Amino acid sequence: MEWFQTYQWEVFIFLEIASWIFLFLFLLLRYAFDRVKIGQIFLLLFLLFIIFEGILAFINYRQTGEIDTFQIVVFIFIIYACTFGISDFKKLDRYIKQTVGKWRKVDLLTEKDRAVMEKQQNPKYIARRYRLWWYGHTIAFIIANIIFWQLYGDKATEFLSYIQDWSWFEEETIHHAPYKHEMVMNIVRLWLVIYVIDTIIAWSYTFFPSKKKGE
């Protein structure tokens, strides 16, 4: 257990890199070499490594007795794998089909694949997809801050005052911060920066849509 506490980040990084290598090998064996059964072994290994990451986070929590950065990072990666990771996997699947198909001079793309690829080039579809992501991100951000406020909030001061006065954001200490927990405060600061960047990017596709090829 002491060894795990010392090298937990190295173990997590190894598992994450290995899981994506397994996923790539699954697609490569499936389409390039028609080794479907062997490829399924690598897909199973990918799923097992994702589960193992969750087990490591649970072990870390049992040892420390509190939620720390390691557990949060692992949780974020698992949530990504179960949500947006599925969409990215489908994109990778279509890319491998297209690339291997050209190499083997075989059309591996289905009509559904072509329809999805065509739709993903539509500026309106792209803008809508980014807006939906932003809505979900906003809801998650609000809910997380409500929970943080209930657990670690400075109840002596109204939350609205922190929205009106942002001087606390640049302070290194948590003396004047809305949350009286250093790790939570660091998470909120980082998340707020990411949220602002995500807002700019997401809505840029609505107000400044790109054009289709050929237009």
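Predicted model, so just to flag it, every value in this text is computed and none were measured. What you see below is based on every heavy atom in this structure, not just the backbone, and it leaves out hydrogens, waters and symmetry mates.
Side-chain contact of Asp88 with Tyr80: a donor-acceptor pair under 3.5 Å is present, judged by distance alone.
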- Audit row: Asp34, Arg104, salt bridge (Lys or Arg N to Asp or Glu O under 4.0 Å) steps and yes/no: CA-CA 12 Å; Asp34 289 328; Arg104 294 178 56 189; 3.4 Å; yes
- Go through the steps to decide whether Leu27 and Phe42 satisfy the test side-chain contact (heavy atoms from CB on, under 4.5 Å), and finish with yes or no. CA-CA 9 Å; Leu27 295 173; Phe42 288 103; over 6 Å; no
- Task: Would you check, one step at a time, whether the test side-chain contact (heavy atoms from CB on, under 4.5 Å) holds for Val74 with Leu56?
- Result: CA-CA 9 Å; Val74 173; Leu56 291 180; 6.0 Å; no
- Residue pair Trp191, Val188: steps toward the side-chain contact (heavy atoms from CB on, under 4.5 Å) verdict: CA-CA 5 Å; Trp191 195 347; Val188 171; 5.7 Å; no
- Item | From CA spacing to verdict: side-chain contact (heavy atoms from CB on, under 4.5 Å), Thr110, Arg114 | CA-CA 6 Å; Thr110 64; Arg114 294 190 188 90; 5.8 Å; no
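In this structure, OG1 on Thr99 lies 10.5 Å from CG on Leu28, to the nearest 0.5 angstrom. Rounded to the nearest 0.5 angstrom, Ile38 CD1 and Gln40 CD are separated by 10.5 Å. Here His176 contributes atom NE2 and Trp168 contributes atom CH2; the two are 13.5 Å apart, rounded to the nearest 0.5 Å. Rounding to the nearest 0.5 angstrom, the gap separating the CD atom in Gln71 from the CD1 atom in Ile78 is 11.0 Å. Rounding to the nearest 0.5 Å gives a distance of 5.5 Å between CD of Glu118 and CD of Gln121. Taken from OH in Tyr179 to CD1 in Ile187, the straight-line distance is 11.5 Å, to the nearest 0.5 Å.
Of the possible polar contacts, one joining the Ser19 side chain to the Glu16 backbone as a donor-acceptor pair under 3.5 Å is found. Counting only distance, with no hydrogens or angles, the side chain of Asp93 and the backbone of Phe89 share no donor-acceptor pair below 3.5 Å. For the pair Trp133 (side chain) and Ala202 (backbone), a donor-acceptor distance under 3.5 Å is absent. Here the side chain of Asp198 pairs no donor or acceptor atom with the backbone of Ile194 at under 3.5 angstrom. A donor-acceptor contact shorter than 3.5 Å links the side chain of Lys180 to the backbone of Ile174.
Both Val184 and Phe159 sit in one connected hydrophobic cluster of ILVMFWY residues. Membership requires side-chain heavy atoms under 4.5 Å apart, directly or through other members. Using a 4.5 Å cut-off between side-chain heavy atoms of Ile, Leu, Val, Met, Phe, Trp and Tyr, with links allowed through other members, Ile51 and Ile86 fall into different hydrophobic clusters. Linking Ile, Leu, Val, Met, Phe, Trp and Tyr residues whenever their side-chain heavy atoms come within less than 4.5 Å leaves Val116 and Leu109 in two separate clusters. If you chain together hydrophobic residues whose side chains sit under 4.5 Å apart, Phe24 and Leu45 fall into the same group. When hydrophobic clusters are built by joining Ile, Leu, Val, Met, Phe, Trp and Tyr residues whose side-chain heavy atoms come closer than 4.5 Å, directly or via intermediates, Ile21 is grouped together with Val11.
Residues Thr206 and Ala127 approach most closely at OG1-CB, 3.9 Å, considering heavy atoms. The two atoms that bring Phe49 and Ala18 nearest to each other are CE2-CB, 3.6 Å, heavy atoms only. Residues Ala81 and Ile50 share a closest heavy-atom pair of CB-CD1, 4.3 Å. Closest of all the heavy-atom pairs between Phe141 and Asn145 is O-ND2, 2.8 Å.
Atom CD of Glu170 sits in a sparse spot, with 12 or fewer heavy atoms from other residues, nucleotides or ligands closer than 6.0 Å. Counting non-hydrogen atoms of neighbouring residues, nucleotides and ligands closer than 6.0 angstrom, the CZ atom of Phe169 exceeds 12 such neighbours. Counting heavy-atom neighbours within 6.0 Å of Arg189 CZ, excluding the residue itself, gives a total above 12. The number of heavy atoms from other shown groups lying within 6.0 Å of OH (Tyr125) is above 12. No more than 12 heavy atoms of other residues, nucleotides or ligands lie within 6.0 Å of CD in Glu158, so this atom counts as exposed by the packing criterion.
Ring-plane geometry between Phe148 and Tyr152 is classed as tilted, the angle between the planes lying from 30 to 60 degrees on a 0 to 90 degree scale.
For the ring-ring contact (aromatic ring centres under 6.0 Å, His included) criterion with Phe70, the lone passing option out of Trp9, Phe58, Tyr61, Phe75 is Trp9. Under the side chain to side chain contact (heavy atoms under 4.5 Å, CB included) rule, Met117 has a single partner from Lys112, Lys91, Gln98, which is Gln98.
Contact annotation: the side chain of Trp134 approaches that of Thr199 to within less than 4.5 Å [non-hydrogen atoms, C-beta and beyond]. At least one side-chain heavy atom of Asp154 sits under 4.5 Å from a side-chain heavy atom of Tyr162. Tyr31 has its side chain out of reach of Phe26: every pair of non-hydrogen atoms, C-beta onward, lies at least 4.5 Å apart. Between Arg30 and Lys97, every side-chain heavy-atom pair lies at or beyond the 4.5 Å cut-off.
For Lys90 and Asp113, the salt-bridge test fails: no basic side-chain N is under 4.0 Å from an acidic carboxylate O.
For the ring-ring contact (aromatic ring centres under 6.0 Å, His included) test, no residue two or more places apart in sequence or in another chain qualifies with Phe46. Under the side-chain hydrogen bond (donor to acceptor under 3.5 Å, both in side chains) criterion, Ser204 pairs with no residue, sequence neighbours left out. Trp203 meets the side-chain hydrogen bond (donor to acceptor under 3.5 Å, both in side chains) test with no other residue; sequence neighbours excluded.
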